Every structure is written in structure tokens, then in C-alpha cells.
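All of these numbers come straight from a predicted model, not from anything done at the bench.
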Amino acid sequence: MFMQDISRLSAEPVSAEPIASPALPRPTAPHTRAALAMGMFGPTLVETEKGWTPASELRIGDRLHTLDGGLQHIAALSRRAVLPAERAVKIKGGHFDACDDLMLLPGQPVLLQTVSLMAAPYARLKASALTSTIGATITLAPQKAEIITPIFAEEEAIWAQSGVLLLCPGIRDSLSAYPAVDDTLASFFLTERQRRFG
């Protein structure tokens with residue numbers, strides 16, 4: 001991911017579900033399985049080449065600003081309706097660099113600056129891990145909501161709700177460039193990070 005050619009793009013956008021023979025069960029591609037565990041809610045604003053746009057308006061082929069790859073094309077989109085009593089993580093505006101309230105699925109990876117706590121400049125945590133500190137809580141997802149996950153040619157981090165970095169899956173299944181903070185260490189990491197930020 002680092003030092004990528006920012007002009008690269010997916011040669012042919014694909015749908016989020018692979019095509020399968022009617023006689024055979026439909027396989028689930030790795031990027032589709034990953035997308036089901038993560039996602040943002042439709043009203044979430046993401047930074048596209050045309051400006052801040054609700055996630056619900058994203059289409060395959062749209063270009064989003066990414067952390068280290070410039071503008072990247074969406075190669076596939078996962079869209080689904082929220083399930084009854086499905087849980088979500090609500091990040092209050094003003095926390096984790098969000099300009100306004102933000103709702104994510106608990107499994108959505110969020111990137112945070114490590115503030116020299118790790119060798120890497122950013123670490124990834126599940127949105128649910130953020131609830132161990134002030135500013136994020138577990139809540140029930142609103143009824144009839146839509147959950148969106150953009151999928152790129154390779155894993156990308158995109159800007160949401162102004163300053164939150166969300167990690168999105170890639171079609172090419174590969175190891176993440178960002179080290180994970182285990183749920184058991186998340187509370188310590190977040191507390192120490194807050195202490196260093198002051």
C-alpha cells in the first residue's frame with residue numbers, strides 16, 4: 001500500500017458477489033465476507049473527488065481520497081439493510097476527529113495515529129474497541145438503515161465524517177499494511193494515546 005502509484009485503478013469494476021453456476025452453491029469471495037463484518041451507515045460523509053458525499057450515494061467507479069494512494073476507484077460495493085436489533089458503534093462528534101456523530105458496524109476497522117506507541121504511524125482497531133474510552137458507545141442500529149462498504153482493488157483507508165480514517169477491504173486478498181491492536185490491549189492503547197495527546 002505504501003508508495004503506490006496514485007494513478008493505478010482497477011481494470012474492471014466487479015460486483016460484490018461472485019458469479020456462480022446455478023447448479024452450484026454461490027461462493028463468498030474473501031472481500032465479500034470481510035465487507036459483511038464492517039461498514040458505515042448511509043448518511044456517513046466520505047471524501048470523494050467531487051467533495052463530501054453520503055456513503056449511500058456511492059457508486060462503483062467513483063473515486064475516493066485515500067490515506068496513501070491518492071484518488072482510488074471503488075471496484076465493488078457491499079450494500080445491505082440493517083438487521084433487526086443489529087448493534088452499531090456510535091462515535092460522538094468531536095471525538096476521534098469526527099466532525100459530527102458517526103455510526104459504524106462494530107467490526108469496522110478504524111485507523112488511529114499511534115503517537116509513537118508503535119513503530120508504525122497508524123494502527124487499526126475494530127470500532128467496538130473504541131467503546132472502552134469516552135466518545136464511543138454501543139447502540140442499536142436505526143431501523144431500515146443501509147450499511148455500505150466500498151471495496152477497492154487493494155485495501156485502502158478513506159476519510160469519513162471529516163477526520164475519521166476507515167479501513168476498507170480490497171478485492172486482492174492480502175495482509176493488512178496496518179498493525180492490529182488486539183481488543184484486550186485496546187483500552188491501554190487508547191488511554192495511553194489520550195495521555196500523550198494531552
Side-chain angles (χ1 to χ4, degrees), residues 1-2 34-48 51-58 64-68 78 80-150 155-169 176-198:
M1 273 183 57
F2 295 101
L36 293 176
M38 60 179 69
M40 59 190 135
F41 287 74
T44 304
L45 296 177
V46 293
E47 191 178 15
T48 72
W52 292 95
T53 303
S56 59
E57 295 180 14
L58 293 176
L64 273 66
H65 287 277
T66 64
L67 176 61
D68 63 354
S78 171
R80 70 173 176 87
V82 70
L83 301 173
E86 187 162 8
R87 290 185 167 199
V89 173
K90 182 177 182 179
I91 297 174
K92 293 287 290 178
H95 295 273
F96 301 105
D97 298 322
C99 65
D100 200 355
D101 291 356
L102 169 65
M103 288 189 74
L104 305 168
L105 285 187
Q108 171 61 50
V110 177
L111 293 187
L112 295 178
Q113 289 182 315
T114 59
V115 200
S116 302
L117 289 169
M118 303 170 73
Y122 292 91
R124 62 187 159 96
L125 294 83
K126 292 178 184 174
S128 59
L130 302 181
T131 61
S132 66
T133 189
I134 296 171
T137 56
I138 290 285
T139 185
L140 289 180
Q143 294 182 359
K144 299 182 180 178
E146 185 180 31
I147 297 168
I148 317 285
T149 304
E155 170 190 80
E156 298 288 355
I158 63 170
W159 302 102
Q161 223 71 334
S162 156
V164 180
L165 276 169
L166 303 181
L167 195 60
C168 297
S176 177
Y178 303 99
V181 175
D182 186 270
D183 288 352
T184 57
L185 298 176
S187 180
F188 169 79
F189 173 83
L190 291 166
T191 300
E192 185 62 18
R193 184 177 176 274
Q194 178 62 36
R195 187 184 70 79
R196 293 195 185 196
F197 266 136

Nearest heavy-atom neighbours spanning [X] and [Y]:
X      : Y      : answer
Tyr178 : Tyr122 : CD2-CB, 3.9 Å
Gly39  : Thr149 : CA-OG1, 3.2 Å
Leu111 : Ala157 : CD1-CB, 3.5 Å
Leu112 : Phe189 : CD1-CE2, 4.3 Å
Ile148 : Gly42  : CG1-CA, 4.3 Å
Pro142 : Val82  : O-CG1, 3.2 Å

Next on the checklist: Going by salt bridge (Lys or Arg N to Asp or Glu O under 4.0 Å), name the pairs with one or both residues in residues 128-150, residues two or more places apart or in two chains.
Outcome noted: Arg79-Glu146
Next on the checklist: Strictly by salt bridge (Lys or Arg N to Asp or Glu O under 4.0 Å), give each pair with a member in residues 111-128 just once, sequence neighbours left out.
Outcome noted: none
Decide yes or no for [X] and [Y]: does some side-chain heavy atom of the first lie under 4.5 Å from some side-chain heavy atom of the second?
X      : Y      : answer
Pro150 : Met40  : yes
Met38  : Ile147 : no
Leu45  : Trp159 : no

Next on the checklist: Please evaluate residues Leu58 and Leu64 with respect to the criterion side-chain contact (heavy atoms from CB on, under 4.5 Å), reporting the C-alpha separation (whole Å), side-chain torsions for both, the decisive distance (0.1 Å), and the verdict.
Outcome noted: CA-CA 10 Å; Leu58 293 176; Leu64 273 66; 3.9 Å; yes
Next on the checklist: Assess the residue pair Leu166 and Val46 against the criterion (side-chain contact (heavy atoms from CB on, under 4.5 Å)); give the C-alpha distance rounded to whole Å, side-chain angles, the decisive distance to 0.1 Å, and a yes or no.
Outcome noted: CA-CA 10 Å; Leu166 303 181; Val46 293; 5.7 Å; no
Going by atom type alone, with no hydrogens or angles, which donor-acceptor pairs under 3.5 Å involve a side-chain atom of residues 89-97 and a protein atom two or more places apart or on another chain?
none

Checklist entry - Within the distance-only criterion (no hydrogens, no angle test), does the side chain of Thr44 pair as donor or acceptor with the backbone N or O of Phe41 below 3.5 angstrom? => result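 Between the backbone of Phe41 and the side chain of Thr44 there is a qualifying donor-acceptor contact (under 3.5 Å).
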Next on the checklist: Tell me whether Arg196 contacts the main-chain N or O of Thr114 through its side chain, where contact means a donor paired with an acceptor under 3.5 Å.
Outcome noted: no
Item to check | Partners passing side-chain hydrogen bond (donor to acceptor under 3.5 Å, both in side chains) against Thr53 (at least two apart in sequence or in another chain) | outcome: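 With sequence neighbours excluded, Thr53 shows a side-chain hydrogen bond (donor to acceptor under 3.5 Å, both in side chains) to Thr48, given in chain and number order.
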Checklist entry - Would Ile134 and Gln194 satisfy side-chain contact (heavy atoms from CB on, under 4.5 Å), going step by step from the backbone distance to the final call? => result CA-CA 10 Å; Ile134 296 171; Gln194 178 62 36; over 6 Å; no
Item to check | Result of checking Leu130, Leu167, Leu102 against Val110 for side chain to side chain contact (heavy atoms under 4.5 Å, CB included) | outcome: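 Among the candidates, only Leu130 passes.
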Item to check | Residue pairs, two or more places apart or on separate chains, that pass side-chain hydrogen bond (donor to acceptor under 3.5 Å, both in side chains) and touch residues 179-189 | outcome: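 Passing the test, one end in residues 179-189: Asp182-Thr184.
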Next on the checklist: Ser162: which residues meet the side chain to side chain contact (heavy atoms under 4.5 Å, CB included) condition with it, sequence neighbours left out?
Outcome noted: Cys99
Checklist entry - To the nearest 0.5 Å, what is the distance between CG (Leu67) and NE2 (His65)? => result 13.0 Å
Checklist entry - Which distance, rounded to the nearest 0.5 Å, do you find between the CD of Glu155 and the OG1 of Thr66? => result 11.0 Å
Checklist entry - Does the side-chain contact (heavy atoms from CB on, under 4.5 Å) test come out yes or no for Glu192 and Val115, once each step is laid out? => result CA-CA 9 Å; Glu192 185 62 18; Val115 200; over 6 Å; no
